[in-house]
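Please read the structure below before turning to the comments.
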Amino acid sequence: MFSNPSALSDKSLTELRAAIAAEASRIGFTAFGVAPIESSLRREYYLQWLADGKHGEMEWMANSLERRFDATRILPEARSMIVLGQNYYQPELERRGRIAKYALGGDYHDLIYKRLKLLCTFLRDRGGTNKPYVDTGPVLEKHWATEAGIGWQGKHTNLIHPEQGNWLFLAVILTSIELPADSPLRDRCGSCHRCIDICPTKAITGPYQLDARRCISYLTIEHKGPIPEGFRRAIGNHLYGCDDCLDVCPWNRWAQTTRETKLAARPLPDLCEMLDWDDVTFREHFAGTPIKRIGLSRWLRNVCIVLGNTGTLADCPALERACVHTDSLIAEHASWAKDEIESRG
């Protein structure tokens, strides 16, 4: 145990870092890196992105800005940022309606936060004061992952790991232990622009430029109201989120199926069956998953969009019932879907 990490030699700190990395691997994380706490953030880019309204309804992204740009505002004692990754890749399932891979199984927040707490205990026993986050709080995880040498931000703005592809949940721990830092990796996207070309709604407006308001993941998850009609056909068969720009990345050639059973895909009833669900049924089916948080109304809105794009006349009776749903959001999209199907014959 190290009661006073600040008094350790460089060699001892290197040994401590190796011990932390080994413990993170033992707990179940598949990527580990360290960044110095004073790393510079793309402050001006982020502020301009917000000013242009490209974050849409995600108002939380404009909150606590000073803490986003200065981690010591969160934990004054912080000297290092430990960045961790968890592989979540699994093959696409053959069924009506696609769900982004990260949401096919159990909620990763619960899984990863428990592991972060275990690692924080390990750090505390070695003299560290720590603060963990998993996709929560005012922390720009993708930036820190880049600074910690986990990977680089691709042209789709998501992180790419050179050995695990595009499929990492990211988490961070601010710690008072000043650990030896990793060097950032160089951008290895080269001249490739497959992610830009594949985007159905042209949300990737240029290399490293994303307008969230156009993104299918945003529209099907974060957006609360009606899906703008100009995007409905482009959504295709995406029920919840979208992996199109991730799927086409050449760096996925080394991706391995996750060994984490809690992330394994859960069964999904037929779309028409779900149109007759009530709120209780929805919550029971998606308990413990990321999907639960969008609620029945947005979920059935998405179901109607997918039926409108991929359904047949056999789906119209279920849509007709949904057309008189007491929830106007569901009723509107059911009516649109029915018209789309009937126009195709």
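- Considering all non-hydrogen atoms of both residues, I27 and L118 come closest at CD1-CB, 3.9 Å.
- R232 forms a cation-pi arrangement with W336, by the criterion of a distance under 6.0 Å to the ring centre and an angle within 45° of the ring axis.
- Without hydrogens or angle criteria, T146 side chain to K142 main chain gives a donor-acceptor distance under 3.5 Å.
- Smallest separation of non-hydrogen atoms from L329 and G225: CD1-C, 3.6 Å.
- Scanning both residues, I235 and I305, for their nearest heavy atoms gives CG2-CG2, 3.8 Å.
- There is no side-chain donor-acceptor pair under 3.5 Å between D247 and N252.
- Put simply, the side chain of L307 reaches to within 4.5 Å of the side chain of L275, judged on heavy atoms.
- No hydrogens or angles considered: a donor-acceptor pair under 3.5 Å links the side chains of Q48 and D52.
- Closest of all the heavy-atom pairs between R68 and N63 is NE-O, 3.0 Å.
- At a cut-off of 3.5 Å, with distance as the only test, no side-chain donor of N237 or T310 sits close to an acceptor on the other residue.
- A salt bridge between K114 and D110 is absent, with no side-chain N of the basic residue lying under 4.0 Å from a carboxylate O of the acidic one.
- For D244 and R98, the salt-bridge test passes: some basic side-chain N is under 4.0 Å from an acidic carboxylate O.
- Residues K101 and E92 are paired through a salt bridge, judged by an N-O separation under 4.0 Å between the basic side chain and the carboxylate.
- Electrostatic pairing of E178 and R17 does not count as a salt bridge here, judged by no charged N lying under 4.0 Å from a carboxylate O.
- Considering only heavy atoms from C-beta on, I173 comes within 4.5 Å of L84 through its side chain.
- Of the charged side-chain nitrogens involved, none lies within less than 4.0 Å of a carboxylate oxygen, so that K54 and D211 do not count as a salt-bridged pair.
- A salt bridge is absent between E332 and R301: the closest approach of a Lys/Arg side-chain nitrogen to an acidic carboxylate oxygen does not fall below 4.0 angstrom.
- There is a side-chain donor-acceptor pair under 3.5 Å between D107 and H109.
- Enclosure of atom CD in Q256 is not indicated, since only 12 or fewer non-hydrogen atoms of other residues, nucleotides or ligands lie within 6.0 angstrom.
- N166 and H161 form no side-chain donor-acceptor contact under 3.5 Å, judged by distance and modelled atom types alone.
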message: Checking E284 against K292 for the salt bridge (Lys or Arg N to Asp or Glu O under 4.0 Å) test, could you report, in this order, the C-alpha distance in whole Å, the side-chain angles of both residues, the deciding distance, and whether it holds?
response: CA-CA 9 Å; E284 287 178 348; K292 182 183 176 182; over 6 Å; no

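- Between the side chain of Q90 and the backbone N or O of T258 there is no donor-acceptor pair closer than 3.5 Å.
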Stepwise side-chain hydrogen bond (donor to acceptor under 3.5 Å, both in side chains) check, D135 with Y102: CA-CA 13 Å; D135 196 23; Y102 85 87; over 6 Å; no

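- Taking the six-membered ring where the residue is Trp, the centroids of H55 and W60 are separated by 6.0 Å or more.
- Put simply, the side chain of E57 gets close to the backbone of K224: a donor and an acceptor are under 3.5 Å apart.
- In this structure, the side chains of W167 and N158 stay at 4.5 Å or more apart for every pair of heavy atoms.
- Under the 6.0 Å cut-off for aromatic ring centres, W251 and W152 qualify, their centroids lying closer than that.
- A pairwise comparison of heavy atoms in I330 and C304 identifies O-SG, 4.1 Å as the closest pair.
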task: Show your reasoning for whether salt bridge (Lys or Arg N to Asp or Glu O under 4.0 Å) applies to E66 and R43.
output: CA-CA 10 Å; E66 289 309 311; R43 183 187 183 104; 2.9 Å; yes

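- When all heavy atoms of D187 and Q153 are compared, the pair lying nearest together is OD2-O, 4.1 Å.
- A salt bridge does not link E77 to K131: none of the charged side-chain nitrogens sits closer than 4.0 Å to a carboxylate oxygen.
- In this structure, F286 and W299 have perpendicular ring planes: the angle between them is above 60°, well past the 30° mark.
- Under a 3.5 Å cut-off, the side chain of Q86 and the backbone N or O of T30 do not form any donor-acceptor pair.
- L210 belongs to a hydrophobic cluster with I196, I204, counting contacts under 4.5 Å between side-chain heavy atoms of Ile, Leu, Val, Met, Phe, Trp and Tyr, direct or through other members.
- Salt bridge annotation for R126-E23: absent, with no cationic side-chain nitrogen under 4.0 angstrom from a carboxylate oxygen.
- Not a single donor-acceptor pair under 3.5 Å links the side chain of H238 to the backbone N or O of Y240.
- Between the side chain of K155 and the backbone N or O of G190 there is at least one donor-acceptor pair closer than 3.5 Å.
- Judged by distance alone, with hydrogens and angles left aside, the side-chain atoms of S176 form a donor-acceptor pair with the main-chain N or O of T129 at under 3.5 Å.
- Proximity of a side-chain donor or acceptor of H325 to a complementary backbone N or O of R321 within less than 3.5 Å is not detected.
- Side-chain contact annotation: T220 with N302, donor-acceptor N/O pair under 3.5 Å absent.
- A donor-acceptor pair is defined here as one N or O able to donate and one able to accept, closer than 3.5 Å; no such pair exists between the side chain of T136 and the backbone of Y133.
- Between I74 and P138 there is a side-chain heavy-atom pair separated by less than 4.5 Å.
- Although no hydrogens or angles enter the test, the distance criterion places no donor-acceptor pair under 3.5 Å between the side chain of H193 and the main chain of G206.
- Using a 4.0 Å cut-off between charged side-chain N and carboxylate O, D197 and K202 make no salt bridge.
- Residue R233 qualifies as open at atom CZ: its count of foreign heavy atoms under 6.0 Å is 12 or below.
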